[in-house]
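Note sheet for the following structure.
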Amino acid sequence: MLRSLRGEFRDVLRDALEAEGIDEDDLGLEDPPEEFDAVVASNLAFRLASRLGEAPPVVAQRLHAAIDIDETRYIEAIEAVGPYLNATPSDAYYHETIEAAGTPSFAALPPRDISVVVEHTSANPTGPVHIGRARNPIIGDAVARLLDAAGYEVETHYYVNDAGRQMALFTWAYETFDADELPAPERDRIEYDLVRYYRKGNEYLEQASRDELEEAEAEINAIMQGLEVGDDETYERVSTVVDQVLDGMTACLGRLPATFDQFVKETSFMRDGSTDALVARLKSSAYAEQDDGAWQLVLDDWDIDKPFVFLRSDGTSLYTTRDLAHHEWKFENFDKAVTILGEGHGLQAEQLRAALDILGNDTDRLEQILYGWVNLPGGESMSTRRGTGIQLDDLLDEAIDRARAEVERRMDDRIREDELDEQTIEQIAHDVGIGAVRYDIVSKQPTKAITFEWDRALDFEAQSAPFVQYVHARCCGIIDRAERAGIEAEVGVPSHESEIALTEAISRFPYEIETAADTFAPHRISTYLLELADAYNAFYRDCPVIDASDDQTASTRLALVDASRQTVESGLNLLGIAAPRSM
RNA sequence: GGGCAUGUGGCCUAGCGGAUAGGGCGGGAGGUUCCUAACCUUCCGAUCGCGGGUUCGAAUCCCGUCAUGCCCGCCA
């Protein structure tokens, strides 16, 4: 609803400027501080002041006099407050907000007819997902949900690096070592089983004699060469490892849940000839040169001083070459491409963008979101190869355990009349625990580095998922009681200041989706949900529903509770967090 | 050495050109004869790393500087 009101505000401001014969495009819209009744404001008078030779408040008055709000539906009044023009909402604004928010479509912006592929996670299929990587699926999944809500046609992809040396080494180790010379798996799932071969292989190479090393390297190289020439048998051998490990990783990511519409294999761009074709095009580019037999692009014109090598001197392609073919494939099939990348890939991301530019692509269609690493407190690094770090599975298990303990601790003094059976308790623990993890990650700007600490990541109070989820549970509690008391919801116009503030918070939701999607910033949704939850808690404190002073008040408040519940659920859903009915 | 990112009260964080810098944690003081206290109220606590500049206006933009992280391979 705020989107509509802002539209009206822009219209009347533009009309007023035209009437005054003033040419100015920037309308200076901003959010007014809380203490004002206005829902949107303009600071236009500041900028016009010097040009018109008048003081800002005088300009504001003049604009105010020229503004005509006879035709507006959602703007009740526009006031000149000092240099600001403040727009306050009409009864229709509140009424229609509560009405619209009671339906699921409130969280969906109109379709844009623009397809976008969101590539995220894309971790090498070498073993269990550790929390250093967990930021990627959590941000990526939220971005995909956000863009979907914002009206884009979204498809999610996991790009599988099945072609490099790591996978060749893994395949060799899998075929070479026996299970009985390996330690027991840390968990009963396929990637925990297979990663033991990968670790064993790396370990072996590190302490192998010269002869052993040569022999092993020869086998690993043979696998890499087989992939390069598109040998079917080699591809099958590598796939045996890749597909199994990937199955396990997919199961782990599914717990978040993070899901993928498609797993796109790197080898597919070698096997279909697109990498070779791309290399030929790059060679003929004005920026290509040969250096010691290898081909590279000189990217000085893009302010990148590191050349981009796209073909080895032995004629084989590199990971980045194939990724280039991969991206051109994305451009052929989608209008936009969004990629979530760890900050370690910053330079590569810039080189990729420049190379795509050289190949004649419109790189504005590519959005690369970089996120900082998750570090461990002691500065210890996480490595699948060495088996260090914290696994995502362990984090989620711990989160659920702590949440379950919390639910059980509260059992004694809970007063809500619903009986929680074992299965329900387990479900709540699951929703709360995993929600807390996701919220902790998604609520921070991706570019900031995170130091992982159990107690902070799994805090169930205040600025956290459980805080927001609790609001949803509170709504459900009231709705359940109202139903038993025979109270019917009826959309009305809020009168109490806490009702008004809550309705205004709800009215912002579609606007928040729009701005968050425009900037690819899901953390804005988490910030918004906190504000919505605060507004609801104030309403909960001040405005009884079941025991309202009269039936009419009870009915209009119940409608507001319905609208709140739906909005909170939709908001949590954008972040991939469940909304429990009871806690 | 070069590049990119980040620097906001003891700790975490929002804001990223406009109305007295919002929250949370921690600390102090309160609130439950119940629409679930995973909540609420209140107090204490910030020269927005530092120095310049641009602007009517800077945490926000520019320059410099310091600190931290990441990257700089014919690896992925």
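The chains referred to below are lettered A, B, ... by the order of the sequence lines, with proteins before strands, and numbering in each begins at 1.
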Touch class at under 4.0 angstrom, heavy-atom based, for A:N86 against every strand present: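 Counting heavy atoms under 4.0 Å across all strands, the contact made by A:N86 includes a base.
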Touch class at under 4.0 angstrom, heavy-atom based, for A:V561 against every strand present: nothing
N/O donor-acceptor pairs under 3.5 Å from side chains in residues 454-463 of chain A, not counting sequence neighbours:
{"from": "A:D455", "atom 1": "OD1", "to": "A:R402", "atom 2": "NH1", "distance (Å)": "2.9"}
{"from": "A:D459", "atom 1": "OD1", "to": "A:E461", "atom 2": "N", "distance (Å)": "3.0"}

Given RNA chain B, 5'-ward residue of the pair A:V407 and A:Q296, judged by closest heavy atom: A:V407
First encountered from the 5' end of RNA chain B, between A:A163 and A:A473: A:A473
Shortest non-hydrogen separation from A:G127 to A:V195 and the atoms involved: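 Answer, listing the atom of A:G127 first, then A:V195: CA-CG2, 3.8 Å.
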Polar atoms only, N or O, under 3.5 Å: list the protein pairs with nucleotides 6-17 of chain B and their distances.
{"from": "B:rG7", "atom 1": "OP1", "to": "A:K448", "atom 2": "NZ", "distance (Å)": "3.2"}
{"from": "B:rC11", "atom 1": "O2'", "to": "A:R456", "atom 2": "NH2", "distance (Å)": "3.1"}
{"from": "B:rA14", "atom 1": "OP1", "to": "A:Q445", "atom 2": "N", "distance (Å)": "3.2"}
{"from": "B:rA14", "atom 1": "OP2", "to": "A:K448", "atom 2": "NZ", "distance (Å)": "3.0"}
{"from": "B:rG15", "atom 1": "OP1", "to": "A:H523", "atom 2": "NE2", "distance (Å)": "3.2"}
{"from": "B:rG15", "atom 1": "OP2", "to": "A:Q445", "atom 2": "NE2", "distance (Å)": "2.9"}
{"from": "B:rC16", "atom 1": "N4", "to": "A:Q445", "atom 2": "NE2", "distance (Å)": "2.7"}

Partners passing ring-ring contact (aromatic ring centres under 6.0 Å, His included) against A:Y528 (at least two apart in sequence or in another chain): A:F509
Residues in ring-ring contact (aromatic ring centres under 6.0 Å, His included) contact with A:Y198, at least two apart in sequence or another chain: A:F170
Nucleotide forming a Watson-Crick or wobble pair with [N], both distances under 3.5 Å:
N	answer
B:rU32	none
B:rC74	none
B:rG17	none
B:rA58	none

Within this structure, what is the [atom1]-to-[atom2] distance between [X] and [N], rounded to whole angstrom?
X	N	atom1	atom2	value
A:I304	B:rC71	CD1	C1'	13 Å
A:D547	B:rC35	CG	P	6 Å
A:N161	B:rA76	CG	P	9 Å

Stepwise side chain to side chain contact (heavy atoms under 4.5 Å, CB included) test for A:S42 and A:F9: CA-CA 9 Å; A:S42 167; A:F9 193 42; 3.9 Å; yes
Please confirm whether the shortest side-chain N or O distance from [X] to OP1 or OP2 of [N] is below 4.0 Å.
X	N	answer
A:Y319	B:rA76	no
A:R474	B:rA37	yes
A:R312	B:rC75	yes

Please list, chain by chain and in numerical order, all residues satisfying salt bridge (Lys or Arg N to Asp or Glu O under 4.0 Å) with [X], sequence neighbours excluded.
X	result
A:E426	A:R404
A:E30	none
A:D26	A:R47
A:E219	none

Residues from residues 26-36 of chain A lying under 4.0 Å of RNA chain B - heavy atoms: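 Listed by number, they are A:E30, A:P32, A:P33, A:E35, A:F36.
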